[in-house]
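Take a look at the structure set out below.
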Amino acid sequence: MDEITEIYNKLGGIISEDDFRKKVEEKVEQMSGLCDVKTAAMLVAHDLGVTDTAKEVIKIKDINPEIGNVNFVAKVVSVFDVREFNRNDGTIGKVGNLMVADDTGSIRLTLWDERADLIKNGNIEVGDCMEISGYAKDGYSGTEVNIGRYGVINTTDQNIEVRLDSQKISEIRDGMGDINVSGKLLDISDVRTFQKKDGSQGRVGNILIGDETGKIRVTLWDEKVDSTKEMKLDDTIEIINGYARTNNFSQQVEIQIGNHGVLRKTDAEVEYRENFTPIADIIPGESYSIEGSVSGLGELREFDRDDGTTNMVSNIYVSDDTGRIRIALWGDHALLVDELDIDTPIQIIDAYSKAGFNDEIELSAGNRTRITIM
DNA sequence: CCCCCCCC
């Protein structure tokens, strides 16, 4: 590639290469031979608003808002939908986002208007390697790079090695952003709808994922709940660009996936093994999984809640080598009592412990509990 | 931004 083409490629196609070369020749003449062709090309680029053709190419980990204009190469790891919005001057703006990564990390790109069209028209896909020139600023979840009219995003033949800093579940803390994590899909909740503060209807759903270090609840907002449609239990999934918040009710840290996050299936291998607690070790106020055999069966009962709705409950007992405990089965779980026999091997996963009837400790198996009859 | 551990 000659040096004029090299500089031309940083212009993102704002003019044709022929026109660019013509302008470079004119510039050389204009300068009466005072500058070489490369310098002339850079001056023309500058005239066209691209000011940083001479700047060095940097790595993603070194990008921060203080640098301003940045040039780098990266591989596209996720593509988000383009949204249109109304500008104050009455024109319609377009904005789209990409997550890109190199061997030092990942960063979010925001593409505006005609650059956003590259996403909309399907010209940019996951796995594409890109030359990027834009400007870094502080965004919604850390530094992001904006690519507007004079920004550049071109495919390149270079193959870029990617390292997505992947966290282990046990390392996730309240307040973290840009979380990438993989796990086994352990549970998928029903989708709930709710009224947002602005009056519109929101949707929310949860999944539970686990890796070799633990498990964590994931909350999916609005259209992100649809990501689970193609998934089934035991699939390995990955989360890109999630953020962590402590749940006000449970006081447990959860991963949230909003507009900028991705949840998808992956081929990665993830090990998950459920951790079963000996019945004798159970104390009130925690979530537990136990493994044992049925040692008592109660009756199925319907009851009315204070709010007028009805629900079902049944009680069973489960024993292991260390003790025996009562389990309250709520809702659909209650029907299990008719399928169980004494000595049936059983696993009760994620049931909540509390002091129950006669102040004896018991487990509540509610809608977040999974029960496996072995 | 939601769920909210409920029975006898």
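Reminder, nothing fancy here: chain letters follow the sequence lines and each chain counts from 1. Nothing here was measured: the structure is a model prediction, and the numbers come from that model. Side chains are part of it too, since the values below use all heavy atoms of this structure and drop only hydrogens, waters and symmetry mates.
- Contacts between residues 197-210 of chain A and DNA chain B, defined by a heavy-atom separation under 4.0 Å, are made by A:V204.
- Here A:F357 sits alone; no ILVMFWY side chain lies under 4.5 Å from its own, so it joins no hydrophobic cluster.
- Taking atom CG of A:L297 as the reference point, atom P of B:dC8 lies 20 Å away to the nearest angstrom.
- Base engagement by A:E254 is indicated by at least one non-hydrogen atom pair under 4.0 Å involving a base atom.
- Atom CZ in A:F303 sits about 5 Å away from atom C1' in B:dC7, given to the nearest Å.
- In this view, A:D187 and A:L208, A:R370 satisfy the side chain to side chain contact (heavy atoms under 4.5 Å, CB included) rule, not counting sequence neighbours.
- With hydrogens and angles ignored, the 3.5 Å screen pairs no side-chain donor or acceptor of A:S364 with any backbone N or O of A:Y352.
- Contacts of A:R326 with the nucleic acid, taken as non-hydrogen atoms under 4.0 Å apart, include base atoms.
- Here A:D306 lies out of heavy-atom contact (under 4.0 Å) with every strand.
- Applying the salt bridge (charged side-chain N to carboxylate O under 4.0 Å, His left out) test to every pair with at least one member in residues 189-199 of chain A, sequence neighbours left out, gives these pairs: A:K196-A:D222.
- Look at NZ on A:K196: it is 14 Å from P on B:dC3, rounded to the nearest Å.
- Scored by the ring pair (Phe, Tyr, Trp, His ring centres under 6.0 Å) test, A:W112 finds no partners at all (sequence neighbours excluded).
- Using a cut-off of 4.0 Å between Lys/Arg side-chain N and Asp/Glu carboxylate O, A:D350 and A:R368 are scored as not salt-bridged.
- If you measure from atom CD of A:E302 to atom C1' of B:dC7, you get 12 Å, rounded to the nearest angstrom.
- Residue contacts for A:Q251: at a heavy-atom cut-off of 4.0 Å it reaches no nucleic acid atom on any strand shown.
- Partners of A:R264 by side chain to side chain donor-acceptor pair (under 3.5 Å), not counting sequence neighbours, listed by chain and number: A:E238.
- No engagement by A:N367 is indicated, since no non-hydrogen atom pair under 4.0 Å with the nucleic acid exists.
- Along DNA chain B, the nucleotide nearest to A:N315 and the one nearest to A:R368 differ in position, and the one closer to the 5' end is contacted by A:R368.
- The side chain of A:N248 lies closest to B:dC1, out of B:dC7, B:dC5, B:dC1.
- Picking from B:dC5, B:dC1, B:dC7 the nucleotide with the shortest atom distance to the side chain of A:Y352 gives B:dC5.
- Atom-to-atom, CZ of A:R192 to P of B:dC1 comes out at 13 Å; the value is rounded to the nearest Å.
- Applying the salt bridge (charged side-chain N to carboxylate O under 4.0 Å, His left out) definition to pairs two or more places apart or across chains, those involving residues 274-292 of chain A are A:K215-A:E274.
- Counting to the nearest Å, the C1' atom of B:dC3 and the CG atom of A:D350 are 15 Å from each other.
- In the interface, the side chain of A:E362 is paired with the base of B:dC7 through a donor and an acceptor atom under 3.5 Å apart.
- Listed in residue order, the members of residues 215-228 of chain A having a heavy atom less than 4.0 Å from DNA chain B are A:R217, A:T219, A:W221.
- Looking at A:T155 and A:D128, their side chains never bring a donor and an acceptor atom within 3.5 Å of each other.
- Here A:R273 pairs with nothing under the salt bridge (charged side-chain N to carboxylate O under 4.0 Å, His left out) rule; sequence neighbours left out.
- At whole-Å resolution of the value, CZ in A:F357 and P in B:dC8 are 9 Å apart.
- Between the P atom of B:dC3 and the CH2 atom of A:W330 lies a distance of 19 Å, rounded to the nearest Å.
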